Amino acid sequence: DGRQIAKHARAEGENYKSMYGQSIPSSLLAERVAGYLHRFTLYWHLRPFGSAVLMGSYSGNNDAELYLAEPSGHFSRYHACAIGKGRQSARTELEKLDLENITCKQAIVEIAKIIYTTHDENKDKAFELQMSWVCDDSNNKHALVPEDLLKDAETQAKAAMDSDDEEDDE
């Protein structure tokens with residue numbers, strides 16, 4: 001489902017650029033993708049999508065936007081958002097972060113901590129942490145977080161989890 005949604009979003013962006021000669025505004029793209037998802041809930045002969053999608057964009061004047069489009073057709077803009085299993089506890093932790101005043105490198109560590117603390121080893125499968133970003137360090141292009149930063153964030157997240165476990169034991 002996710003690949004089909006991404007393919008549709010790319011097609012929307014290409015169509016808009018060929019018609020208007022500029023990139024599609026992210027709010028319009030989110031609206032169109034949400035409408036596409038919603039159309040699959042309206043007709044009996046189409047299977048509804050089973051996934052939501054997060055879309056991020058960055059314009060050159062420090063204007064980052066994050067949108068969530070849900071299968072119901074609803075879309076919203078966020079500063080930070082989580083979807084999937086454990087989303088409620090992750091959203092609660094994201095709300096505690098001062099996102100306006102931390103750097104991307106600091107955010108990588110904090111988000112890794114949130115992912116590790118919301119993951120329940122007894123109920124959930126093991127996972128591999130992968131992160132990407134759009135910031136000055138990536139020349140404002142979407143890119144994977146460098147391996148050394150990711151490993152450092154994982155180490156700090158695991159250490160924070162271990163220290164929390166020790167505090168709980170006391």
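Not measured: the values here are computed from a predicted model. Heavy-atom basis, side chains included; hydrogens, waters and symmetry copies ignored.
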Let me confirm one number: the [atom1]-[atom2] distance from [X] to [Y], rounded to the nearest 0.5 Å.
| X | Y | atom1 | atom2 | result |
| --- | --- | --- | --- | --- |
| E154 | L149 | CD | CG | 12.0 Å |
| Y78 | L99 | OH | CG | 14.0 Å |
| K105 | D152 | NZ | CG | 10.5 Å |
| D137 | T103 | CG | OG1 | 8.0 Å |
| T41 | R47 | OG1 | CZ | 12.5 Å |
| E70 | S76 | CD | OG | 6.5 Å |

Side chain to side chain, [X] and [Y], heavy atoms closer than 4.5 Å:
| X | Y | result |
| --- | --- | --- |
| P48 | Y43 | no |
| F75 | V53 | no |
| C81 | L94 | no |
| L144 | M131 | no |
| S23 | Y16 | no |
| R77 | S27 | no |

Original post:
Of the options H38, R39, R32, which is the one that meets Y36 in a side chain to side chain contact (heavy atoms under 4.5 Å, CB included)?
Top reply: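 Going through the options one by one, the only one that passes is R39.
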
Count I, L, V, M, F, W, Y as connected when their side-chain heavy atoms are under 4.5 Å apart, and connections chain through other members. Are [X] and [Y] then in the same cluster?
| X | Y | result |
| --- | --- | --- |
| I111 | L66 | no |
| I114 | I102 | yes |
| L129 | I108 | yes |
| I5 | M55 | yes |
| L37 | F40 | yes |

Can you name the closest pair of heavy atoms from [X] and [Y] and give their distance?
| X | Y | answer |
| --- | --- | --- |
| G50 | D1 | N-OD2, 2.8 Å |
| T118 | A90 | CG2-N, 3.9 Å |
| G2 | S51 | N-OG, 4.0 Å |
| A52 | L68 | CB-CD1, 3.9 Å |
| V109 | Q156 | CG1-OE1, 3.2 Å |
| I24 | G13 | CG2-CA, 3.9 Å |

Original post:
Is a donor on one side and an acceptor on the other found under 3.5 Å between the side chain of N15 and the backbone of A11?
Top reply: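 Yes.
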
Subject >> Under 3.5 Å donor-acceptor, R87 side chain and G84 backbone >> reply: yes

Original post:
After noting the C-alpha distance and the side-chain angles of H142 and W133, does the key distance pass the side-chain contact (heavy atoms from CB on, under 4.5 Å) rule?
Top reply: CA-CA 6 Å; H142 180 256; W133 61 5; over 6 Å; no

Original post:
Would E31 and Y67 count as having a side-chain donor-acceptor pair, cut-off 3.5 Å?
Top reply: no

Subject >> Full working for side-chain hydrogen bond (donor to acceptor under 3.5 Å, both in side chains) between H8 and E12 >> reply: CA-CA 6 Å; H8 177 77; E12 285 286 350; 3.2 Å; yes

Original post:
Is the shortest side-chain N to carboxylate O distance from K151 to E147 below 4.0 Å?
Top reply: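 Counted as a salt bridge, because a side-chain N and a carboxylate O are separated by less than 4.0 Å.
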
**OP:** Considering only NZ, NE, NH1 and NH2 on the basic side and carboxylate oxygens on the acidic side, decide whether K96 and E93 come within less than 4.0 Å.
**Re:** yes

Original post:
Under the salt bridge (charged side-chain N to carboxylate O under 4.0 Å, His left out) criterion, do K17 and E14 qualify, and how do the steps go?
Top reply: CA-CA 5 Å; K17 191 162 194 157; E14 290 169 3; over 6 Å; no

**OP:** Please assess H119 against T117 for the test side-chain hydrogen bond (donor to acceptor under 3.5 Å, both in side chains), listing each intermediate value before the final yes or no.
**Re:** CA-CA 6 Å; H119 180 260; T117 56; over 6 Å; no

Subject >> Verdict with supporting geometry, K141 and V134, side-chain contact (heavy atoms from CB on, under 4.5 Å) >> reply: CA-CA 5 Å; K141 302 284 183 193; V134 178; over 6 Å; no

